[in-house]
Colleague: 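Pasting a structure here, questions to come.
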Amino acid sequence: MKGVGGRLSPLGQRRWASFKANRRGFWALWIFLGLFVLSLGAEVIANDKPLVVRFEGRWYLPLLQAYPETAFGGDFETEARYRDPFLRHLIAAKGWMLWPPIPFSYDTINYELPAPAPTSPSSVNWLGTDDQGRDVLARVIYGFRLSVLFGLALTALSSVIGIAAGAIQGYFGGLTDLALQRFIEVWGGMPMLYLLIIMASLVQPNVGWLLGLMLLFSWMALVPVVRAEFLRARNLDYVRAARALGATHRTIMVRHILPNATVATLTFLPFILNSAITTLTALDFLGFGLPPGSPSLGELLNQGKNNLQAPWLGITAFGVLAVLLTLLVFIGEATRDAFDPRKTGEGAR
């Protein structure tokens, strides 16, 4: 898509113009990127450690280095707990602390609640607390980042495997295509969610395990698209010419056919990311997802179900998921329009 000097080629410019023409998808992309970038700095936005400490003329950066309590006049060699009223009094007497906008991390328990947890939104906890006294807004920020990063990792790995499998099927055809197609039909017919629940119940769940388990099934989404593109292109003139000139199968697949197949697969990536986030949320909601205590949107949904007297829990989780998934759908629609040859003039050319 890029031409000389890093500029977009004429085709790339037409695709970008088509993407921008879909105003809903264009603005959804910028909103999503803004939220994602903010969540990447979650430790600076929501943390139970101050950003900067000035004590007895010295500077301290608790986010980058752990300091013992004795460094601030305390009695213990363990890491300082900056929300401790005693330590805050010691620091205030000889210096000051600069706190993040939200002085809670995703696992910080607020022991100064005016009522039993969960508590309603207040000036201290802007979206209230959950049933363990943890700040809901901090958990939402960290949970948003974890969900998107998990979905991006799963989408990238699924795309690599799915594109490779579809390319092999479509390029070689014959018995190779038939055998792989029968395997995919059998494997794809299995109840994915039930199998994930069974497997997750047999091992201690963590991010790596969940990524591997979901990867067992998510790679099949792109196989039909890539397979169809390779089946169509393997007998075209430029592929026959490359084969007659002695090009290897790998060279023909990677350099000649794959770029055309990539155009078709790009339109599916936002929807695969959407599906990955939804599946992770469902597993967390059912209790078979991330380890207990992890910042999870699905776990927050489960808390909303179990604490109907605290509607802010369910409303917050539902609102965040609805906004996130809606933005991804809008981005996917705009991407589909951008790579549609009827709208970019590729078909006419």
Colleague: Would you call R182-E185 a salt bridge at under 4.0 Å N-O?
Modeller: yes

Colleague: Applying side-chain hydrogen bond (donor to acceptor under 3.5 Å, both in side chains), which residue pairs with at least one partner in residues 143-167 are found, sequence neighbours left out?
Modeller: E43-R145, S158-S218

Colleague: I'd like to know whether NZ of K94 has more than 12 heavy-atom contacts from other residues, nucleotides or ligands below 6.0 angstrom.
Modeller: no

Colleague: Between the side chain of R134 and the main-chain N/O of D107, is any donor-acceptor distance below 3.5 Å?
Modeller: no

Colleague: Test your reading of the model: is there a side-chain donor-acceptor pair from S18 to the backbone of D337, 3.5 Å cut-off?
Modeller: yes

Colleague: Between D131 and N306, does any side-chain donor sit less than 3.5 Å from a side-chain acceptor?
Modeller: no

Colleague: Check whether N307 reaches the backbone of A310 with its side chain - one donor and one acceptor, N or O, closer than 3.5 Å.
Modeller: no

Colleague: Can any side-chain N or O of Y142 pair as donor or acceptor with the backbone N or O of A46 at less than 3.5 Å?
Modeller: yes

Colleague: When rounded to the nearest 0.5 angstrom, what distance separates CD in E229 from CZ in R234?
Modeller: 13.0 Å

Colleague: Would you say L146 and L290 make side-chain contact, with heavy atoms under 4.5 Å?
Modeller: yes

Colleague: More than 12 foreign heavy atoms under 6.0 Å from CZ of F318: is that the case here?
Modeller: no

Colleague: Look at the aromatic rings of F26 and W30 and report parallel, tilted or perpendicular, splitting at 30° and 60°.
Modeller: perpendicular

Colleague: Using salt bridge (Lys or Arg N to Asp or Glu O under 4.0 Å) as the criterion, list what pairs up with R88, not counting sequence neighbours.
Modeller: E112

Colleague: Are the side chain of D284 and the backbone of E299 linked by a donor-acceptor contact shorter than 3.5 Å?
Modeller: no

Colleague: Taking I331's backbone N and O only, do any of them form a donor-acceptor pair with T335's side chain (distance below 3.5 Å, no angle check)?
Modeller: yes

Colleague: Can you give me the closest heavy-atom contact between I141 and A42, atom names plus distance?
Modeller: CG2-CB, 3.7 Å

Colleague: Can you label the angle between the F32 ring and the F144 ring as parallel, tilted or perpendicular, going by 30° and 60°?
Modeller: tilted

Colleague: Please name the pair of heavy atoms, one in G293 and one in R139, separated by the smallest distance, quoted to 0.1 Å.
Modeller: O-NH1, 3.6 Å

Colleague: Please output the side-chain donor-acceptor pairs of residues 245-254 that fall under 3.5 Å, not counting sequence neighbours, one pair per line with the distance.
Modeller:
from	atom 1	to	atom 2	distance (Å)
T248	OG1	T251	N	3.2
T248	OG1	T251	OG1	2.8
H249	ND1	Y171	OH	2.8

Colleague: Treating R227 as the side-chain partner and G170 as the backbone partner, does any N or O pair qualify as donor plus acceptor under 3.5 Å?
Modeller: no

Colleague: Residues two or more places apart in sequence or in another chain: which of them pass ring pair (Phe, Tyr, Trp, His ring centres under 6.0 Å) with W96?
Modeller: W59

Colleague: Can you list the residues that meet the side chain to side chain donor-acceptor pair (under 3.5 Å) rule with S39, with sequence neighbours excluded?
Modeller: none

Colleague: Would you mind listing every side-chain hydrogen bond (donor to acceptor under 3.5 Å, both in side chains) that reaches into residues 75-86, with sequence neighbours excluded?
Modeller: K49-E79

Colleague: Would you mind telling me which of P100, P103, P62 makes a side chain to side chain contact (heavy atoms under 4.5 Å, CB included) with N47?
Modeller: P100

Colleague: So does A322 get a backbone contact from the side chain of T326, meaning a donor-acceptor N/O pair under 3.5 Å?
Modeller: yes

Colleague: Membership question, hydrophobic clusters at under 4.5 Å side-chain separation (ILVMFWY): are Y67 and F76 in the same one?
Modeller: no

Colleague: Can you give me the closest heavy-atom contact between G166 and V226, atom names plus distance?
Modeller: C-CG1, 3.8 Å

Colleague: Any donor-acceptor pair under 3.5 Å linking the side chain of S294 with the backbone of S296?
Modeller: no

Colleague: Near Y60 OH, under 6.0 Å, is it more than 12 heavy atoms from other residues, nucleotides or ligands?
Modeller: yes

Colleague: Do the side chain of W126 and the main chain of D135 share a donor and acceptor less than 3.5 angstrom apart?
Modeller: no

